[in-house]
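Report on the structure given below.
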Amino acid sequence: MSCRAFCTLRFSLPEPAAHALRLCRSSVPRTANVSLRTFARPLHVCSPASRISGFPSRRTFSSDASCEPAVGTAVQSFPDPDRPDLFYHLFPAPTSISSSAPVFAISFLPEAPPSVLSSAVVGWLPASGQGEEAGLNDFVENERFREVLHNAIQSALRDGLDEVQKNGAIQMGEGWMHIHDDRNVPALGRIGDPDDIIASVRVEEGQILAETYQPMPAYRLCTSDGVLQLTEGLALRLVEVLRAKVLEEKQ
């Protein structure tokens, strides 16, 4: 993805969006058309007419799993055409996210999450009808995923699983090292945007002190450069932790 590109998810159905739930519940398999389009700045902002009614406008959403109401399961799942590590799971309304609109739960796991509020869900986008688009302003973060993300990264650093971070610590020698989102890596010797700094960790004698891990409050899971991207070792550990979380949620 080019620098400062903006990813927009388009979800198209053969019939109008009003019939989406009926089609998804049909025994006949339906295929969604998904395409990622890139836009140069200024950022694309969906007009009020293209927004999905009933979808929350706030940027984050958190909920206690024990308080989650009984809701349906995902009816369709597919990978992002440009990000094979990213998957979209379609949940028909009503859900805990929207009472009237179907939503996409975005995840790094190909299997549908056990619920729309699963810790494995990065966040949510409204499922647009034909000709409509869901953009950055529509994305809602899952605070429960954020907690899992930081735990996974810290454990990966503790176990020395990521060569990129280990080499960065060796080069630094001593000081505070930023863990950058790989979607927008800063130039050598430069500090990245606060939105793209996942956390900071202390380095002494070229070694990462994982116990000093400090999350960056300003970090955003989704920006104009796309959804979270991790270096290989961190990404592998995140998937491991997410799978374990899903197993816990199913019990």
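All heavy atoms count here, side chains included; hydrogens, waters and symmetry mates do not.
Considering all non-hydrogen atoms of both residues, Arg243 and Pro110 come closest at NH2-CD, 3.9 Å. The heavy-atom pair separating Ala120 from Leu242 by the smallest distance is CA-CD2, 3.8 Å. Closest non-hydrogen pair, Val148 versus Lys245, comes out as CG2-CE, 3.9 Å. For the pair Asp162 and Gln165, the tightest heavy-atom approach, listed with the atom from each and the gap, is OD1-N, 3.1 Å. In terms of heavy atoms, Ala105 sits closest to Phe91 at CB-CE1, 3.8 Å. When all heavy atoms are compared, the tightest approach of Pro92 to Pro102 is CA-CB, 4.0 Å.
In terms of modelled atom types and a separation under 3.5 Å, the side chain of Glu249 and the main chain of Ser118 share no donor-acceptor contact.
Residue pairs that meet the ring pair (Phe, Tyr, Trp, His ring centres under 6.0 Å) test with at least one member in residues 228-251, sequence neighbours left out, do not exist here.
A salt bridge does not link Arg144 to Glu147: none of the charged side-chain nitrogens sits closer than 4.0 Å to a carboxylate oxygen.
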I'd like to know whether Leu109 forms a side chain to side chain contact (heavy atoms under 4.5 Å, CB included) with Val239, so could you lay out the CA-CA distance, the side-chain angles of the two residues, the decisive distance to 0.1 Å, and finally the verdict. CA-CA 7 Å; Leu109 300 183; Val239 169; 3.9 Å; yes

Walk me through it: do Asp181 and Gln229 pass the test side chain to side chain contact (heavy atoms under 4.5 Å, CB included)? CA-CA 6 Å; Asp181 194 308; Gln229 284 185 269; 3.8 Å; yes

Should Thr212 and Val203 be marked as a side chain to side chain contact (heavy atoms under 4.5 Å, CB included) after you check the CA-CA gap, both sets of side-chain angles, and the distance that decides it? CA-CA 9 Å; Thr212 65; Val203 172; over 6 Å; no

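Taken from OG1 in Thr95 to CH2 in Trp124, the straight-line distance is 9.0 Å, to the nearest 0.5 Å. To the nearest 0.5 Å, the span separating CD1 on Ile97 from CG on Asn142 amounts to 7.5 Å. For the atom pair CE of Met216 and CD1 of Ile198, the computed distance is 10.5 Å after rounding to the nearest 0.5 Å. The structure places CZ of Arg202 at 5.0 Å from CD of Glu174, a figure rounded to the nearest 0.5 Å. Taken to the nearest 0.5 Å, the CG atom of Asp159 stands 10.5 Å off from the CD atom of Gln154. Atom CZ of Arg183 sits about 3.5 Å away from atom OG1 of Thr223, to the nearest 0.5 Å.
There is a path of hydrophobic side-chain contacts, each under 4.5 Å, that joins Tyr213 to Met172. Follow the hydrophobic side-chain contacts under 4.5 Å out from Leu161 and you never reach Leu230; the two are in separate clusters. Val241 is not connected to Phe87 by any chain of hydrophobic side-chain contacts under 4.5 Å among Ile, Leu, Val, Met, Phe, Trp and Tyr, and they are in different clusters. Under a hydrophobic-cluster definition in which Ile, Leu, Val, Met, Phe, Trp and Tyr are linked whenever side-chain heavy atoms come within less than 4.5 Å, directly or via other members, Tyr219 and Leu86 are assigned to the same cluster. Cluster annotation: Ile170 is not connected to Met177 through the hydrophobic network of ILVMFWY side chains, with a link wherever side-chain heavy atoms come within less than 4.5 Å.
Aromatic rings from Phe78 and Phe104 are positioned such that their centres are separated by under 6.0 Å.
A 4.5 Å side-chain heavy-atom check between Val246 and Pro114 finds at least one atom pair inside the cut-off. You'll find the side chain of Val121 stays beyond 4.5 Å of the side chain of Phe145, heavy atoms only. Two residues are said to be in side-chain contact when any heavy atoms from C-beta on lie closer than 4.5 Å; Val164 and Asp182 fail this criterion. Residues Tyr88 and Ile106 have side chains in contact (heavy-atom distance under 4.5 Å, counting atoms from C-beta outward).
Glu211 CD: more than 12 foreign heavy atoms inside a 6.0 Å radius. Atom CD of Glu232 has 12 or fewer heavy atoms from other residues, nucleotides or ligands within 6.0 Å. Other residues, nucleotides and ligands contribute at most 12 non-hydrogen atoms within 6.0 Å of the CD atom of Gln207.
Of the candidates Ile197, Asp196, Val201, Ile179 forms a side chain to side chain contact (heavy atoms under 4.5 Å, CB included) with just one, namely Val201.
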